[in-house]
Amino acid sequence: QVQLVESGGGLVQAGGSLRLSCAASGRTFSPYNMGWFRQAPGKEREFVARISWSGGRTYYADSVKGRFTISRDNAKSTQYLQMSRLKPEDTAVYYCAAQPATPGTTDYEYWGQGIQVTVSS
């Protein structure tokens, strides 16, 4: 089992920045690719960003590319999402997720409880 706990959310004005953290405990953190997802009210959960187990590869949704940066510190078993130039449409509950770094695996096995990010206009 891997437990994931998000922190760093809150209320920010449009154009501002926030950094989300996701602390992992339980099994070893490094054999997992990590991702961030979000779900806005009345909408389906959507992919935001992903980082490989080594941190060497990152992927972003087009909607956040150039504004958000995903990173991880395996020594601290923590991943981060630096969010800049935030827009009201970024308002959502953000979820941290862990995906086994096994070839062919696409599902995320573990999820955090989610944290609210609200961007005011």
Side-chain angles (χ1 to χ4, degrees):
Q1 286 281 348
V2 175
Q3 292 78 43
L4 303 174
V5 179
E6 301 97 338
S7 61
L11 174 64
V12 64
Q13 288 189 332
S17 299
L18 277 177
R19 189 177 80 157
L20 302 183
S21 299
C22 171
S25 61
R27 287 187 176 176
T28 305
F29 179 67
S30 56
Y32 291 87
N33 301 319
M34 299 297 296
W36 288 97
F37 293 76
R38 67 186 181 185
Q39 187 168 19
K43 295 186 177 182
E44 293 188 353
R45 187 168 57 194
E46 64 175 2
F47 167 78
V48 174
R50 173 179 174 270
I51 187 166
S52 63
W53 65 272
S54 66
R57 289 176 292 177
T58 58
Y59 307 88
Y60 297 93
D62 288 343
S63 59
V64 307
K65 203 171 292 183
R67 300 188 298 121
F68 290 10
T69 302
I70 189 171
S71 61
R72 65 190 292 165
D73 184 338
N74 286 345
K76 295 182 178 180
S77 296
T78 302
Q79 72 154 342
Y80 306 95
L81 186 68
Q82 178 67 47
M83 305 184 292
S84 303
R85 292 185 281 143
L86 282 160
K87 304 175 182 180
E89 50 264 44
D90 293 318
T91 295
V93 176
Y94 283 71
Y95 297 90
C96 166
Q99 176 192 66
T102 304
T105 298
T106 57
D107 291 343
Y108 285 81
E109 188 172 355
Y110 301 104
W111 293 83
Q113 80 286 354
I115 193 163
Q116 179 70 44
V117 171
T118 302
V119 184
S120 63
S121 57

Let me have the donor-acceptor pairs involving side chains of residues 90-101, under 3.5 Å, with sequence neighbours excluded, atom names and distances please.
residue, atom, partner, partner atom, Å
Asp90, OD1, Arg38, NH1, 2.9
Asp90, OD1, Arg67, NH2, 3.0
Asp90, OD2, Arg67, NH1, 2.7
Asp90, OD2, Arg67, NH2, 3.4
Asp90, OD2, Lys87, N, 2.8
Thr91, OG1, Pro88, O, 2.9
Thr91, OG1, Val119, N, 2.9
Thr91, OG1, Val119, O, 3.4
Tyr94, OH, Arg38, NH1, 2.9
Tyr94, OH, Asp90, O, 2.6
Gln99, OE1, Asn33, ND2, 3.0
Gln99, OE1, Arg50, NE, 3.3
Gln99, OE1, Arg50, NH2, 3.4
Gln99, NE2, Thr106, O, 2.9

For Leu4 and Ala24, the nearest pair of non-hydrogen atoms, with its separation, is CD2-CB, 3.7 Å
Tell me whether Trp36 shares a hydrophobic cluster with Tyr60, the cluster being built from Ile, Leu, Val, Met, Phe, Trp, Tyr side chains joined at under 4.5 Å. yes
Any cation-pi pair here, Arg45 with Trp111, using under 6.0 Å and within 45°? yes
Side chain to side chain donor-acceptor pair (under 3.5 Å) partners of residues 4-24, not counting sequence neighbours, each pair once: Glu6-Gln113
To the nearest 0.5 Å, tell me how far Arg72 CZ sits from Ser54 OG. 7.5 Å
Is Val117 linked to Ile70 within one hydrophobic cluster, defined over Ile, Leu, Val, Met, Phe, Trp and Tyr using a side-chain heavy-atom separation of less than 4.5 Å? yes
How would you list, by chain and number, every residue that makes a side-chain hydrogen bond (donor to acceptor under 3.5 Å, both in side chains) with Thr118, sequence neighbours excluded? Gln116
Looking at Ala75, is its backbone amide N or carbonyl O close enough to the side chain of Asp73 to form a donor-acceptor pair, meaning the two atoms are under 3.5 Å apart? yes
What distance do Met83 atom CE and Leu18 atom CG have between them, rounded to the nearest 0.5 Å? 4.5 Å
Could you identify which residues cluster with Leu11, counting Ile, Leu, Val, Met, Phe, Trp and Tyr as linked when any side-chain heavy atoms lie under 4.5 Å apart, either directly or through a chain of such contacts? none
pair Tyr80-Thr69: side-chain heavy atoms closer than 4.5 Å: no
Please check: side-chain N/O of Thr78 versus main-chain N/O of Lys76, any donor-acceptor pairing under 3.5 Å? yes
Please tell me whether Phe68 and Tyr108 are part of a single hydrophobic cluster in this structure, the criterion being side-chain heavy atoms less than 4.5 Å apart. no
Decide yes or no for Tyr32 and Gln79: does some side-chain heavy atom of the first lie under 4.5 Å from some side-chain heavy atom of the second? no
Same cluster (ILVMFWY, side-chain, under 4.5 Å), Ile115 and Val64: yes
For the CE atom of Met34 and the OG atom of Ser71, what is their distance to the nearest 0.5 Å? 11.5 Å
Partners of Phe47 by ring-ring contact (aromatic ring centres under 6.0 Å, His included), sequence neighbours excluded? Phe37
For Lys65, salt bridge (charged side-chain N to carboxylate O under 4.0 Å, His left out) partners two or more places apart: Asp62
Leu81 side, atom CG; Ile51 side, atom CD1 - distance, nearest 0.5 Å: 10.5 Å
Does Glu44 have any side chain to side chain contact (heavy atoms under 4.5 Å, CB included) partners at least two apart in sequence or in another chain, and if so, which? none
Spacing of Gln1 atom CD and Ser25 atom OG [to the nearest 0.5 Å]: 10.0 Å
